[in-house]
Novice: 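This structure is in structure tokens; I'll ask about it shortly.
Side chains included, hydrogens not; waters and symmetry mates left out as well; all remaining heavy atoms used.
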Amino acid sequence: MCRFILIITCLWTATVLAAKTNDPFPAPIVSDRDVIVVKVVEFAKIPAIDGQAARMMTMLQEAGTGRLFLSDQRGLLYHVTDDGAVSRYLDANDERWGVAVAAPWREMGVQSFAFHPQFGVKDSAGYGKFYTWSDTPRTPQPDFTTAGSNPTHDTVLWEWTAPDANASAYAGAGPREVVRLEQPFANHNGGGIAFNPLATEGDPDFGMLYIGNGDGGSGGDPLGLAQDTGSAFGKILRIDPLGRNSSNGQYGIPPDNPFAAGQKSATLPELYAYGLRNPQQLVWDAKTGELLVSDIGQNTVEEVSVVTSGGNLGWKDWEGSFRFVDRSGVDTDKPRSDAAVTYPFVEFDQQDPLLGESVAVTGLQVVRSDAVPALQDLVLFGDLVTGELFYVDADKRPDGGQAAIRRVLFDDGSGEARTLLALVQAKNREQGREPVTRVDLRLGVASGGRIFLLNKHDDTLRLIVPR
């Protein structure tokens with residue numbers, strides 16, 4: 001009997017080992033077919049800080065005033081004019097506010113910011129209000145904690161109120177603390193925050209803030225937070241920042257949240273979706289109205305997914321289309337086999353030869369404008385590290401995998417099609433800096449279909465234009 005059990009155990013182990021891999025898409029991304037080449041121009045120079053290049057994180061346009069704003073991860077928020085002039089709007093790290101920004105390395109700092117859709121509407125409840133999602137030193141009373149960890153810092157949503165929405169610089173008081181999360185590890189901090197730009201007044205989604213929050217960090221979600229609906233980590237939260245019916249009385253719980261009513265008391269009513277590892281940009285498709293997210297994988301699969309109300313995006317049971325085994329790989333047996341999970345519509349392999357040793361998905365946008373005709377009706381996303389920009393058809397989205405992925409390359413006027421990394425390295429040489437080996441790509445958007453390329457290594461904000 002013991003021998004029989006041993007044989008069965010060995011056969012099962014062999015089957016698991018045969019299915020486990022860190023290279024689930026061995027056919028590489030096609031590097032030379034259907035490549036789109038677009039022109040880029042240098043739009044603005046963002047100030048370095050203490051001799052270190054600007055760490056550009058988020059760029060967006062405030063709808064009411066029409067102004068462009070860009071954040072540096074270390075706490076600076078800049079106003080960027082249409083002719084590329086840059087001026088400081090806010091220093092969130094100024095000691096007068098008493099809310100220090102913790103930004104000792106590339107994964108910490110001001111993660112994102114967002115303007116309330118009524119920011120420029122005089123006499124409205126949201127007039128002058130904007131929000132920063134920021135890492136900060138710990139305090140004794142966070143709103144959300146985790147067990148079994150040694151907390152490193154907090155991530156806080158701050159509400160700022162400008163007395164004059166049209167002012168050239170912030171002239172209000174210190175911020176109001178909306179919600180505070182105690183971070184169990186130093187990485188996978190807050191992701192993107194955003195209001196639905198498609199929602200109009202009277203729509204239940206108008207003024208609701210979506211908050212991306214990582215799984216708490218370390219690796220492999222050791223605390224099991226992403227699938228725990230009683231935890232705020234590994235989630236997309238949805239709140240009304242102007243409401244007051246939350247447990248801390250500082251924000252509102254939208255009544256149409258998927259877990260707001262009729263659920264077990266252990267489930268957080270703030271939850272909109274769960275099962276995320278390290279969510280990056282949140283964007284809406286202007287044609288379909290869908291919410292999309294880019295989510296950084298563990299060591300195997302990067303993914304871009306549609307987010308639905310109450311949806312489970314799988315982590316850490318799944319990494320992309322595959323069962324997560326451990327940090328060294330996934331199980332390719334029975335992919336995408338749980339009907340309750342929302343699987344990515346596109347994903348790529350960290351072992352792909354186009355990419356380096358460090359890989360992370362980022363920079364998500366759905367292009368519906370014809371401002372750059374070559375990019376119209378495409379989903380753009382990229383690799384944070386190499387700066388490779390990819391696309392798939394927005395109207396014929398694939399069902400996972402990387403076979404449909406194609407590249408976007410850049411011509412800066414030289415007539416040569418190059419990657420963003422190559423452009424940044426060339427700029428570094430021009431600046432007398434040592435050429436970098438990574439880019440930290442982000443995408444920004446503005447009216448007229450303008451798409452901006454952000455990076456953390458050459459102080460240069462670039463704009464994509466028709467070739």
Novice: Between Phe324 and Thr300, is there a side-chain heavy-atom distance shorter than 4.5 Å?
Specialist: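 SC-SC contact between Thr300 and Phe324 ruled out.
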
Novice: What do the steps show when you test Asp395 against Lys287 for salt bridge (Lys or Arg N to Asp or Glu O under 4.0 Å), and what is the final call?
Specialist: CA-CA 9 Å; Asp395 295 320; Lys287 181 176 180 179; 3.3 Å; yes

Novice: When you check the side-chain N and O atoms of Glu347 and Ser321, is any donor under 3.5 Å from an acceptor?
Specialist: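 Distance-only check passes for Glu347 and Ser321.
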
Novice: Check Val110 against Thr132 and note the closest heavy-atom contact, atom names and distance.
Specialist: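 Closest approach of Val110 to Thr132: CG1-CB, 4.4 Å.
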
Novice: Quick one: which of Phe119, Phe115, Tyr78 gives a ring pair (Phe, Tyr, Trp, His ring centres under 6.0 Å) with Phe69?
Specialist: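 When Phe119, Phe115, Tyr78 are each tested with Phe69, the ring pair (Phe, Tyr, Trp, His ring centres under 6.0 Å) holds only for Phe115.
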
Novice: Do Val293 and Leu313 come within less than 4.5 Å of each other through their side chains, counting heavy atoms only?
Specialist: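 Answer yes - side chains close enough.
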
Novice: With a 6.0 Å cut-off on ring centres, are Phe25 and Phe322 close enough?
Specialist: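 Ring-ring flag for Phe25/Phe322: true, centres closer than 6.0 Å.
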
Novice: Can you find a side-chain donor-acceptor pair between Ser134 and Trp158 that sits under 3.5 Å?
Specialist: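 There is no such pair between these side chains.
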
Novice: Sequence neighbours excluded, which residues qualify as salt bridge (charged side-chain N to carboxylate O under 4.0 Å, His left out) partners of Glu107?
Specialist: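 If we apply the salt bridge (charged side-chain N to carboxylate O under 4.0 Å, His left out) test to Glu107, skipping adjacent residues, there are no hits.
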
Novice: Could you tell me which non-hydrogen atom of Trp105 sits nearest to which non-hydrogen atom of Arg55, and how far apart they are?
Specialist: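 For Trp105 versus Arg55, the nearest heavy atoms are O-NH2, 2.6 Å.
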
Novice: With side chain to side chain contact (heavy atoms under 4.5 Å, CB included) as the criterion, how do Arg406 and Val35 come out once you've worked through the C-alpha distance, each side chain's angles and the decisive distance to 0.1 Å?
Specialist: CA-CA 6 Å; Arg406 297 294 183 265; Val35 175; over 6 Å; no

Novice: Once rounded to the nearest 0.5 Å, what's the spacing between atom OH of Tyr251 and atom CG of Leu242?
Specialist: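 Answer for the OH-CG pair, Tyr251 versus Leu242, is 14.0 Å.
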
Novice: For His153, give me all partners under side chain to side chain donor-acceptor pair (under 3.5 Å), at least two apart in sequence or on another chain.
Specialist: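 Residues passing side chain to side chain donor-acceptor pair (under 3.5 Å) with His153: Asp135, Asn189.
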
Novice: Where do Gly207 and Asp240 come nearest, in terms of heavy atoms and distance?
Specialist: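 Closest pair (atom of Gly207, atom of Asp240, distance): O-OD1, 4.1 Å.
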
Novice: Classify the angle between the aromatic ring planes of Phe452 and Phe43 as parallel (below 30°), tilted (30 to 60°) or perpendicular (above 60°).
Specialist: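 Rings of Phe452 and Phe43: perpendicular, as their planes differ by over 60°.
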
Novice: Below 30° counts as parallel, above 60° as perpendicular, anything between as tilted: where do the rings of Tyr170 and Trp97 land?
Specialist: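 Aromatic pair Tyr170/Trp97 classed perpendicular.
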
Novice: Let me confirm one number: the NE2-OG1 distance from His79 to Thr65, rounded to the nearest 0.5 Å.
Specialist: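 Rounded to the nearest 0.5 Å, the NE2-OG1 separation comes out at 7.0 Å.
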
Novice: If we ignore angles and hydrogens, is there a donor and acceptor under 3.5 Å between the side chains of Arg438 and His457?
Specialist: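 The criterion, which ignores hydrogens and geometry beyond distance, is not satisfied for His457 and Arg438.
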
Novice: Does a side-chain heavy-atom distance below 4.5 Å link Phe410 with Val38?
Specialist: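 Sidechains of Val38 and Phe410: in contact.
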
Novice: Looking at NZ of Lys20 and CZ of Arg323, how far apart are the two atoms once the value is rounded to the nearest 0.5 Å?
Specialist: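 Lys20 atom NZ to Arg323 atom CZ measures 15.5 Å (nearest 0.5 Å).
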
Novice: Which class fits the ring pair Phe348 and Phe381: parallel under 30°, tilted 30 to 60°, perpendicular over 60°?
Specialist: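 Rings of Phe348 and Phe381: parallel, as their planes differ by under 30°.
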
Novice: When rounded to the nearest 0.5 angstrom, what is the spacing between CD in Glu303 and OG in Ser294?
Specialist: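 Taking CD in Glu303 and OG in Ser294, the distance rounds to 10.0 Å.
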
Novice: Answer yes or no: is there an ion pair linking Lys316 with Asp215, defined by an N-O contact shorter than 4.0 Å?
Specialist: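 Salt bridge absent between Lys316 and Asp215.
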
Novice: Side chains of Gln250 and Val179, heavy atoms from C-beta outward: is any pair under 4.5 Å?
Specialist: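 No, side chains not in contact.
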
Novice: Name the residue from Leu282, Asp205, Asp203, Leu209 that meets the side-chain contact (heavy atoms from CB on, under 4.5 Å) definition with Asn196.
Specialist: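 When Leu282, Asp205, Asp203, Leu209 are each tested with Asn196, the side-chain contact (heavy atoms from CB on, under 4.5 Å) holds only for Asp205.
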
Novice: So, taking the atom named CG in Asp349 and the one named OG1 in Thr21, what distance separates them when rounded to the nearest 0.5 Å?
Specialist: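 Reported value, rounded in 0.5 Å steps: 7.5 Å.
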
Novice: Closest approach of Asn278 and Asp295, non-hydrogen atoms and distance?
Specialist: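 For Asn278 and Asp295, the tightest heavy-atom pair comes out as N-OD1, 2.6 Å.
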
Novice: Any side-chain heavy atom of Leu60 within less than 4.5 Å of one from Thr58?
Specialist: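 SC-SC contact between Leu60 and Thr58 confirmed.
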
Novice: Is it true that Asp285 and Arg368 have a side-chain N and a carboxylate O under 4.0 angstrom from each other?
Specialist: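 Judged by the 4.0 Å cut-off on N to carboxylate O distance, Asp285 and Arg368 do form a salt bridge.
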
Novice: So do the side chains of Thr386 and Leu354 get within less than 4.5 Å of each other, counting heavy atoms only?
Specialist: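 Heavy-atom side-chain distance check fails, nothing below 4.5 Å.
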
Novice: Answer with yes or no after comparing the ring centroid distance for Tyr210 and Trp284 against a 6.0 Å cut-off, counting only values under it.
Specialist: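 Yes: the rings meet the under 6.0 Å criterion.
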
Novice: Examine the side chains of Arg442 and Gln280 and answer whether a donor and an acceptor come within less than 3.5 Å of each other.
Specialist: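 Result is yes, a qualifying pair exists.
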
Novice: Give me the atom names and distance for the closest heavy-atom approach of Thr136 to Val99.
Specialist: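 Where Thr136 meets Val99 most closely, the heavy atoms are OG1-C, 4.3 Å.
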
Novice: Regarding Gln298 and Asp326, is there a side-chain donor-to-acceptor distance under 3.5 Å anywhere?
Specialist: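 The answer is no; no qualifying pair exists.
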
Novice: Is the shortest heavy-atom distance from the side chain of Ile36 to the side chain of Leu378 under 4.5 Å?
Specialist: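 Yes, side chains in contact.
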
Novice: In the structure I gave you, are the side-chain heavy atoms of Leu389 and Arg407 within less than 4.5 Å of one another anywhere?
Specialist: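 Leu389 does not reach Arg407 side chain to side chain.
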
Novice: Evaluate salt bridge (Lys or Arg N to Asp or Glu O under 4.0 Å) for Arg67 paired with Glu62, printing each intermediate quantity in order.
Specialist: CA-CA 6 Å; Arg67 292 182 295 168; Glu62 194 285 305; 5.7 Å; no

Novice: Of all heavy-atom pairs between Thr146 and Pro184, which one has the smallest distance, and what is that distance?
Specialist: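 Scanning both residues completely, I find the closest heavy atoms to be OG1-CB, 3.3 Å.
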
